[in-house]
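Report on the following structure.
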Amino acid sequence: GRPCEDLFPEQLFVPLQMESSGFGEPWSDGLVNQPWGHVQQGQRFVPHDPDPAGFGGISFGMPYGDMVHSSVADLAKYGVYHLRGDMGLEKSLTTATFHRLHHAPPQRAAPDQEIASSGFFNAGRVDSEGRWTTVHHWGYFARGRTLWWFSPQADVGAVILTNGTDTDETRGMRPILEILRELDQRYRSDPAGTTAPRESDRQRASPAIE
């Protein structure tokens, strides 16, 4: 019964110190002071005139919520929170809840297939605890795309932002998914190995954000 414009800051932005995060396009005080979004037309990326009011002509009547912007650093804080939760290091939600959000039930998947969990997507393999080796979510705002990814087994994550995209969903995501596959190849771990958090992980306050 409360708008997400109230709940997001209260439940996420303030507790996680996501100071750049807000609603609409990322203009502060009505100033167009962030990279312009671009749309690919043929072989060219054409800049989209920004809306100083911050809403970009996008209706907020979409069923999946509002239009949110964040810096790479703030998205990394959000990612660290979820990664720690998956490893049993966060106390704001139970580890079982984090796992339910992050991991779909084990099933066969083609190499390039995404499996939907409760708000996130999975790919790769499943380890001995039933957790997928790749957890990610991506967003699209008509002028660019965002990918947020982590591997709980490798204890690593990444945020990828673009300010230009093809309007076709498949073609628009292809360059980002190529990077995701490279990250997965580089950091993938043996799902048969030990997946319990290391003692050093339990003792540290927060992973470093680079």
Side-chain angles (χ1 to χ4, degrees), residues 8 12-13 15-22 26 34-35 37-38 64 67-90 93 95 98-99 101-104 109-127 129 131-141 143-166 169-191 193 195 197-198 200-201 204-210:
F8 283 22
L12 292 173
F13 300 162
L16 298 181
Q17 300 181 23
M18 298 172 63
E19 297 177 357
S20 78
S21 302
Q34 297 293 332
H38 289 64
Y64 48 79
M67 193 171 67
V68 177
H69 62 259
S70 293
S71 68
V72 171
D74 276 1
L75 284 172
K77 293 175 183 177
Y78 182 70
V80 167
Y81 169 75
H82 278 277
L83 177 55
R84 285 173 52 83
D86 202 286
M87 298 172 67
L89 305 176
E90 277 293 338
L93 298 173
T95 304
F98 278 110
H99 285 184
L101 290 171
H102 297 158
H103 303 285
D112 293 332
Q113 181 182 3
E114 289 184 336
I115 304 297
S117 57
S118 300
F120 298 88
F121 297 98
N122 302 132
R125 300 166 294 176
V126 177
D127 67 14
E129 294 186 358
R131 299 180 307 167
W132 290 83
T133 55
T134 292
V135 180
H136 65 276
H137 186 83
W138 57 272
Y140 167 59
F141 170 47
R143 355 246 195 264
R145 296 178 188 269
T146 301
L147 179 75
W148 175 93
W149 166 88
F150 73 81
S151 169
Q153 294 80 6
D155 189 14
V156 67
V159 174
I160 302 171
L161 302 181
T162 74
N163 70 321
T165 183
D166 192 300
E169 180 177 310
T170 301
R171 291 196 302 266
M173 281 302 297
R174 187 172 295 135
I176 298 177
L177 292 176
E178 289 175 358
I179 297 174
L180 175 62
R181 280 191 287 268
E182 291 180 8
L183 289 169
D184 187 44
Q185 290 291 325
R186 178 174 179 181
Y187 291 108
R188 67 183 179 182
S189 57
D190 182 2
T195 56
R198 300 181 299 271
S200 58
D201 293 324
R204 64 184 175 178
S206 177
I209 296 175
E210 296 184 357

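Side chains included, hydrogens not; waters and symmetry mates left out as well; all remaining heavy atoms used.
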Next on the checklist: S70: which residues meet the side-chain hydrogen bond (donor to acceptor under 3.5 Å, both in side chains) condition with it, sequence neighbours left out?
Outcome noted: S21
Checklist outcome for this item: Residue set satisfying side chain to side chain contact (heavy atoms under 4.5 Å, CB included) with T95, at least two apart, ordered chain then number -> H99
Next on the checklist: Under the rule for side-chain hydrogen bond (donor to acceptor under 3.5 Å, both in side chains), what residues qualify as partners of D86, not counting sequence neighbours?
Outcome noted: H102, H103, R131
Item to check | Short side-chain to backbone donor-acceptor contact, S151 and V156, under 3.5 Å | outcome: no
Item to check | side chain to side chain contact (heavy atoms under 4.5 Å, CB included) partners of Q17, counting only residues at least two apart | outcome: K77
Checklist outcome for this item: Closest non-hydrogen contact found for P35 with N163 is CB-ND2, 3.9 Å
Next on the checklist: Looking at W132, is its backbone amide N or carbonyl O close enough to the side chain of N122 to form a donor-acceptor pair, meaning the two atoms are under 3.5 Å apart?
Outcome noted: no
Next on the checklist: Testing the basics here: between E19 and D74, what is the closest heavy-atom pair and its distance to 0.1 Å?
Outcome noted: N-OD2, 3.1 Å
Checklist outcome for this item: Smallest heavy-atom separation, F120 atom then V135 atom, equals CB-CG1, 4.0 Å
Item to check | Check: R84 side chain, L89 main-chain N or O, donor-acceptor pair, under 3.5 Å | outcome: yes
Item to check | 4.5 Å side-chain heavy-atom contact, D127 and R125 | outcome: no
Checklist outcome for this item: Sequence neighbours excluded, the answer for ring-ring contact (aromatic ring centres under 6.0 Å, His included) partners of Y78 is H82, W148
Checklist entry - Got a sec, which residues hit side chain to side chain contact (heavy atoms under 4.5 Å, CB included) with Q113, two or more places apart in sequence or on another chain? => result A109, A110, I115
Item to check | Value rounded to 0.5 Å, distance of CD in E114 from CZ in F121 | outcome: 6.0 Å
Next on the checklist: Using the side chain to side chain contact (heavy atoms under 4.5 Å, CB included) criterion, which residues pair with T162? Sequence neighbours excluded.
Outcome noted: R145, I176
Checklist entry - Does the ring center of Y81 lie less than 6.0 Å from the ring center of F150? => result no
Next on the checklist: For a side chain to side chain contact (heavy atoms under 4.5 Å, CB included) check, start with the C-alpha distance between L147 and V159, then their side-chain angles and the critical distance, and finish with the verdict.
Outcome noted: CA-CA 6 Å; L147 179 75; V159 174; over 6 Å; no
Checklist outcome for this item: dist I160:CD1 -> L75:CG (nearest 0.5 Å) comes out at 11.5 Å
Next on the checklist: Please evaluate residues F13 and V68 with respect to the criterion side chain to side chain contact (heavy atoms under 4.5 Å, CB included), reporting the C-alpha separation (whole Å), side-chain torsions for both, the decisive distance (0.1 Å), and the verdict.
Outcome noted: CA-CA 11 Å; F13 300 162; V68 177; 3.9 Å; yes
Item to check | Side-chain (H137) to main-chain (G119) donor-acceptor, under 3.5 angstrom | outcome: yes
